[in-house]
Protein chains: 4
Amino acid sequence: MLLVMDAAHTQKQLDAVVKRIGELGYKAHVIPGASSIAVGITGNAGPLDPSLFEVLPGVKQAIPVSKPYKLAGRDFKRGDSVVRLQNGLAIGTDALVVIAGPCAIESEAQALRIARLVKKAGAHIFRGGAFKPRASPYAFQGLGAPALDILAAVREETGLPIVTEALDQESLEAVDRCADIIQIGARNMQNYALLREAGKLAKPVLLKWGLSATVDEWLMSAEHIMAEGNRQVILCERGIRTFADHTRNTLDLNVVPVIRKLSHLPILVDPSHGTGLRDKVAPLARAAAAVGAHGLRIEVHDRPDEALCDGPQSLLPGQLEELMAQLRAMGKALGFKL
Amino acid sequence: MLLVMDAAHTQKQLDAVVKRIGELGYKAHVIPGASSIAVGITGNAGPLDPSLFEVLPGVKQAIPVSKPYKLAGRDFKRGDSVVRLQNGLAIGTDALVVIAGPCAIESEAQALRIARLVKKAGAHIFRGGAFKPRASPYAFQGLGAPALDILAAVREETGLPIVTEALDQESLEAVDRCADIIQIGARNMQNYALLREAGKLAKPVLLKWGLSATVDEWLMSAEHIMAEGNRQVILCERGIRTFADHTRNTLDLNVVPVIRKLSHLPILVDPSHGTGLRDKVAPLARAAAAVGAHGLRIEVHDRPDEALCDGPQSLLPGQLEELMAQLRAMGKALGFKL
Amino acid sequence: MLLVMDAAHTQKQLDAVVKRIGELGYKAHVIPGASSIAVGITGNAGPLDPSLFEVLPGVKQAIPVSKPYKLAGRDFKRGDSVVRLQNGLAIGTDALVVIAGPCAIESEAQALRIARLVKKAGAHIFRGGAFKPRASPYAFQGLGAPALDILAAVREETGLPIVTEALDQESLEAVDRCADIIQIGARNMQNYALLREAGKLAKPVLLKWGLSATVDEWLMSAEHIMAEGNRQVILCERGIRTFADHTRNTLDLNVVPVIRKLSHLPILVDPSHGTGLRDKVAPLARAAAAVGAHGLRIEVHDRPDEALCDGPQSLLPGQLEELMAQLRAMGKALGFKL
Amino acid sequence: MLLVMDAAHTQKQLDAVVKRIGELGYKAHVIPGASSIAVGITGNAGPLDPSLFEVLPGVKQAIPVSKPYKLAGRDFKRGDSVVRLQNGLAIGTDALVVIAGPCAIESEAQALRIARLVKKAGAHIFRGGAFKPRASPYAFQGLGAPALDILAAVREETGLPIVTEALDQESLEAVDRCADIIQIGARNMQNYALLREAGKLAKPVLLKWGLSATVDEWLMSAEHIMAEGNRQVILCERGIRTFADHTRNTLDLNVVPVIRKLSHLPILVDPSHGTGLRDKVAPLARAAAAVGAHGLRIEVHDRPDEALCDGPQSLLPGQLEELMAQLRAMGKALGFKL
């Protein structure tokens, strides 16, 4: 249920509405909008009776919401959500945001070297894994906490905001102290304990799409974060698992306009994981920009043959520069900035 | 096995090579190239010994081909294949080709009305179903042969070449007499009897990707056509079947660069069937152009609510005009013509 | 729409009902049942008004049918359909039917040798491909028409009924002259032209499930056959295509109770194609019997290493004997005969 | 790499082998077997040279292991692993183990009532969710810790061992204190942090198959647990996600013989989640027993319409009794006990 307040409502009326919702055993979410204020009600098992709320002073209308997600849906918030980072960068506008960097932080030298190259190419945010979820317990699991210090040094030198993945409560706290955006990976998309903890933080969360999750399940995972209070969620498509084995995963670009219709949250596309093949990354990155993504997440390595993880899908810095030039030209044609 | 002939070989030497291949029980395919002539050998169950052929006068080199498809692969033909229609239109170049029209021909009035509109919008080829493969035996199966006369009238008036689907031997013959391109649909991608008959014709064949076929299976189906002598095959992606139900099918744009690497055949994308939703067609059409497709196949209807089939996924003529303008602007940025 | 006739209706009333349906532009299907006669109406685009028919003398009730298939569904026919072969063998009862034989007929000696072995093991029907749909145009395509003579000789000697695949109009006619059951393969499940032709014959048709077809699409393909008049359709599950690559296909046994609830048609399971691995065939055959299949379709070869097709998934004759003994023991426990 | 020790090796030789492996920077896993002792080596990035180890006194043979998993594979352990619970119950033998109970613990009265019924029907282990991973943050999340006390009371009264799910570090510790088996659900199959924590405990872990994980990924997740020292892993198939929507998930029974060939770990099947439909549970349970599963996991509720979760897929107690009788009869035919 979504309550839309009268334009002329008073703060006292709003407080009384919130209180009444609590008395009924539900949870109120005050949602400020450009022209009006709304109050979302969650926690109800079945449908609610609108008349319960429309009689309250200051309430203009009570709108039942049919989708299982509420805070993540367009019913709750018409306009696009924009996530703003500390350096002022906005995600979710008509300015395409490019996140670039290596799969894993391997050393300070490697990180700084690549960070300078992606900055020079025009990328806006630096990515690099400190804690890596690996299928094998015997594979390189990332440098861990020391990599966070390296990421901090990268930001210090280049000014690029940082995004890196958290895997559990401990790494979440560490990443929150260091990064500008906390990434939750595809394998943890339904790790609800982790989602809830991330929802208690005041830091943007980049939530990747699980390999075989439905769109409803994905938005419900965003809802787990948002229901705890953190509304700064950025979605990221990175390929789904299908019968098709000509690419590592099947990058599903259909989902971009689908999400943009259903949800107000920004959506990025990761063609590196989506295809798993270096020579497919640039074509799919162009396609992602053309289909309406708010940004791209691209793996870049200057020495991919030496990379400790995902070398074969990493662009070379020169390839990133070329891609950025193409995206800039496309933006002029299609009306997005870069 | 692929034999590359000496630049200085004689016709007599070439004839002797072809004869020798026949004597060994295999089939020879002479493949003229820009700078040299090659001879493909098919019909062998296992690998062949290159030395059997390298001793023949005029043969420069014998190259084993590892892929199951031969005529459809880049090993056989390095450069892109270009399919040229009677009116001079070329498919497979850097000029993006747009095929547009209704799902089914419903009447001469409907066909002419829509054909004029798509021509005005800048489309290059008119599509319209005469014989419709329908899941239900009780649904509208297309007007059949009379629709072919309507299509001929459309070409007569508008000058637009025609593509329409054949379902069996009988409709194949009829379509061959009328159309500029014969379409073989996704459900018949592995109807080898039909593929072989199409391979005996001298008309371009548009072969759609089966809903759950691998890339190898798709190219092998092209091979069935090509092995009969018809090299004018155009591939068309129209969505695959996956768990994802947020669109009617999952349009897989990854396959475009994959096909372009493996095969010399032109590849089109059909975002209408690929998504099944009108408001997703234009974004995915832009993405298909950005990813490197040679053309698009788009359903258009001026009265979609009255359409006898696939109304909900048909663009309105005005939407097609808008899309064409976007594609033209994109082409300038990315180096394709329209 | 399904009309249930009064128990006391007259033939004249029935004729009048059929005539009235025709006048309205629909098609009538008289369906004799154990205790009453029903008349199915097909050919309507949208829902029909029951009162149109309930006023006709002799009509007891008009029941709207919501599923897209009608003749294939339980609404039309409550009891299980039983397909009876010329030698009296019944498919669709509580007697489990086992079809066994090689993938392809390679020679009369091979066919007779294997037929004797599968008969000895207790199989009821002999299978062997004459016309093989192969992904490669260069692979062995079956012996063709001569194999049909071999199959006739096998039946002559062993008394086993014969099932073999038809690929197109020509092979359909040839197979109809020779076989006891006509098989339509998974790749042709939506080759509606072929289905309609098979529907005009008076011979049982074994219709395999397409690799990515929905249950509705499968039953609609059965409906294409049945709407032409041939009600003797046998369904056969042979694996679907999924992301899972640990078996050649994913044999989906869930579909057996699903089909048995929705349809009255017999359903068989083919664990040979379903798994593609010899050592998985017997466990999955047992599982298919336990889940309620009416029969099994199993590839058997006594010299699998020499087989021209599908050797690695063929049981050895001794393995078939062992499996038959297990199935017999299971039948006593679960109430089916063998 | 797997080192097989001489039958006549001394403890001192074994200690020296373990020490040498550590010196080389790898990890040694001593694996006692019925007739010989083996030492597994993990932690190597690439292949190891067998001669490095075959020169060590007491080492009979060094066998390279090609699969990414080691401790979970048959190379490391030939015979089947048997997990024994405190009450003596063995999982992984020819005695089929049946786990039954409600999706969620709703109250002590509900739990005890159902536990008595499933015990009466012959089930061996009681299941019931205390911590429920739910797609919606607004849905019933389980009673939490109080449900663990209820489960303890159920075991106290009925003697049935208990299995229940853990979601994070906190619930893992609580479940470890109470349950006989710790369940890790499909959504957490690649929550490596949780797997590693479970690997440090001395309690059997039931690891469900992720909806779209490959067999290798599943066994690698078992490896994450085993590499920490906990070898008591039980696998459980509960359906995969495919295009097929006729059941809630696609229960893949092919995986049972595949796992039994690749791994020594016990494997169970959960037809309740696998199909999501009450009337499909018993047929698929019979099929799972026939295909060779070591046990079944079945949801049972005596008042499914009132169930707070998964009511529609729960068997009624009477249906469980009937199924157990069928399984007993099948066991006599197929050689398993119940």
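A note on names: the letters A, B, ... follow the listed sequences, proteins ahead of strands, and every chain is numbered from 1.
Using a 4.5 Å cut-off between heavy atoms, Leu167(B) contacts chain C through its backbone alone, with no side-chain atom that close. In this structure, chain C has a heavy atom under 4.5 Å from the side chain of Arg196(B), while its backbone stays farther away. In this structure, no portion of Glu170(B) lies under 4.5 Å from any heavy atom of chain C. Both the backbone and the side chain of Asn191(B) come within contact range of chain C, judged by heavy atoms closer than 4.5 Å. If you measure heavy-atom distances from Gln169(C) to chain B, you find no contacts under 4.5 Å at all.
When each of Ala186(C), Gly210(C), Ala135(C), Ala193(C) is scored by its heavy-atom pairs under 4.5 Å with chain B, the top score falls to Ala135(C). Counting heavy-atom pairs closer than 4.5 Å to chain B, the top-ranked of the candidates Lys70(C), Lys27(C), Arg134(C) is Arg134(C).
Annotation: side-chain hydrogen bond (donor to acceptor under 3.5 Å, both in side chains) contacts of Ser171(B) (sequence neighbours excluded): Asp168(B).
Under the 4.5 Å side-chain criterion, counting only non-hydrogen atoms from C-beta, Arg187(C) is in contact with Tyr192(B).
With Arg241(C) contributing its side chain and Ser212(B) its backbone, the two residues share a donor-acceptor pair below 3.5 Å.
With values rounded to the nearest 0.5 angstrom, Leu194(B) atom CG is found 11.0 Å from Leu194(C) atom CG.
Among residues 220-230 of chain B, the residues having any heavy atom closer than 4.5 Å to a heavy atom of chain C are, in sequence order, Met220(B), Glu223(B), His224(B), Ala227(B).
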